[in-house]
2 protein chains.
Amino acid sequence: MKNIPRISEAEWQVMKVLWRQSPMTANAIAEALSATASWKPKTIKTLIARLVKKEAVGFEKQGREYNYSPLVKEADCVEVESRSFLSRIFDGATQPMLASFLEKEELSAAEIQELRKILDKKEGEE
Amino acid sequence: MKNIPRISEAEWQVMKVLWRQSPMTANAIAEALSATASWKPKTIKTLIARLVKKEAVGFEKQGREYNYSPLVKEADCVEVESRSFLSRIFDGATQPMLASFLEKEELSAAEIQELRKILDKKEGEE
DNA sequence: ACTTATCGATTACATGTGTAATATTTGAAG
DNA sequence: CTTCAAATATTACACATGTAATCGATAAGT
């Protein structure tokens, strides 16, 4: 896993768009974000520029526009953020964190079943 | 739940100390943190001051020293952070987040058993 | 070939954060 | 009561972040 830079909250929004589809032009990204966020296009350009500087995003010139793509994998970024969250908030204790979510959040029967399956598999591995 | 201010990464360390035990003097907090963090005492004073300003921490004068205590509950802060994490990284989808952790992290048989119990209880509630 | 609409690049600016040092106040010691 | 040590308050400063506007280059249209 390449060195994952820190990606801020606003920048994550941009990354999520690119992970869903890439390459994309800045305008297409702005378009995609117009549904969820309320940023001016210029703001989005800034976020993209910062991601490029952090080497989280790369681009290829295509005429006068650039075509942007992620340089870091979503799974890797998720893992970094997850570990950071876990250690920051729960002192790295996985089980209490999971228990906390399980108790608070709503889950359908199917989802519960799915989680059970994962637990079963996990237990088998020991 | 009172309005929970944003608590930065470094500030969380301080809050964790106070949640474990309070009230505490600034020096005691610094002492407690010397084990985990490598901040100068002055730095810790700054963090405390900021938490006071944010009204996450209160104090009572006791002679020339102050005795600090949390003004916000740990459970509430954990909930705020958890929701933020969940929506930021997993678009608010609980189950995929849980699945991701279950698959990546190590869990003892006992922990797995405990999680199963929670799932059972949850299923019963529907 | 010129003008113009647009792109990306550069600049802006307030606020937050990490990480402290200096200044000021004040309880305690003599 | 004066002095000193220690605690709090104020100030510092660079970098990150949210949120954009302006500048300069250039492809596209006429």
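Order of the sequence lines sets the chain letters (A, B, ...), proteins ahead of strands, with each chain counted from 1.
Between F85(A) and F101(A), the ring planes lie tilted relative to each other; the angle falls in the 30° to 60° range.
In this structure, V14(A) and V57(A) have side chains that are not in contact, with every pair of non-hydrogen atoms separated by 4.5 Å or more.
Between the side chain of R50(B) and the base of dT19(C), at least one donor-acceptor pair of N or O atoms lies under 3.5 Å. Remark: the K42(B) side chain and the dT22(C) base include a donor-acceptor N/O pair separated by less than 3.5 Å. Contact of S8(A) with dA16(D) (side chain to base): no donor-acceptor pair of N or O atoms is detected under 3.5 Å.
Listed pair T43(B) / dT19(C) fails the phosphate criterion, with no side-chain N or O lying under 4.0 Å from OP1 or OP2. In this model, the phosphate group of dT6(C) is not approached by any side-chain N or O of N27(A) to a distance below 4.0 Å at OP1 or OP2. Listed pair K40(B) / dT19(C) fails the phosphate criterion, with no side-chain N or O lying under 4.0 Å from OP1 or OP2.
Nearest to the side chain of W39(B), among dG18(C), dT19(D), dT19(C), sits dT19(C).
Taking atom CD of E11(A) as the reference point, atom C1' of dG18(D) lies 10 Å away to the nearest angstrom. Rounding to whole angstrom units, CD1 of residue I48(A) and C1' of dG18(D) are separated by 15 Å. dA20(C) atom P lies 10 Å from atom CG of L47(B), rounded to whole Å. Residue F59(B) contributes atom CZ, which lies 11 Å from atom C1' of dA9(D) at whole-angstrom precision. When rounded to the nearest whole Å, the span between CG of L51(A) and P of dT17(D) equals 10 Å. Per the geometry, OH belonging to Y66(A) stands 18 Å off P belonging to dT6(C), to the nearest Å. For the pair I44(A) CD1 and dC7(C) C1', the interatomic distance rounds to 15 Å; values are reported in whole Å. One interatomic measurement links the two molecules: CD of Q13(B) to P of dT19(C), which rounds to 11 Å at whole-angstrom precision.
Electrostatic pairing of R88(A) and E81(A) does not count as a salt bridge here, judged by no charged N lying under 4.0 Å from a carboxylate O. Remark: E11(B) does not engage R50(B) in a salt bridge, criterion side-chain N to carboxylate O under 4.0 Å. Ionic pairing of E105(A) and R83(B) is present here: one or more N-O contacts between side-chain nitrogen and carboxylate oxygen are shorter than 4.0 angstrom.
Remark on DNA chain D: of its neighbouring residues R64(A) and E65(B), the 5'-side contact belongs to E65(B), judged by nearest-heavy-atom nucleotide. Mapped onto DNA chain C by nearest heavy atom, T25(A) and S38(B) fall at different nucleotides, with T25(A) at the one closer to the 5' end. Checking K45(B) against R6(A), the closest nucleotide of DNA chain D that is more toward the 5' end is the one next to K45(B).
Residue contacts for K53(B): at a heavy-atom cut-off of 4.0 Å it reaches no nucleic acid atom on any strand shown. Within the nucleic acid shown, A26(A) comes within 4.0 Å of sugar-phosphate atoms alone, with no base atom in reach, counting heavy atoms only.
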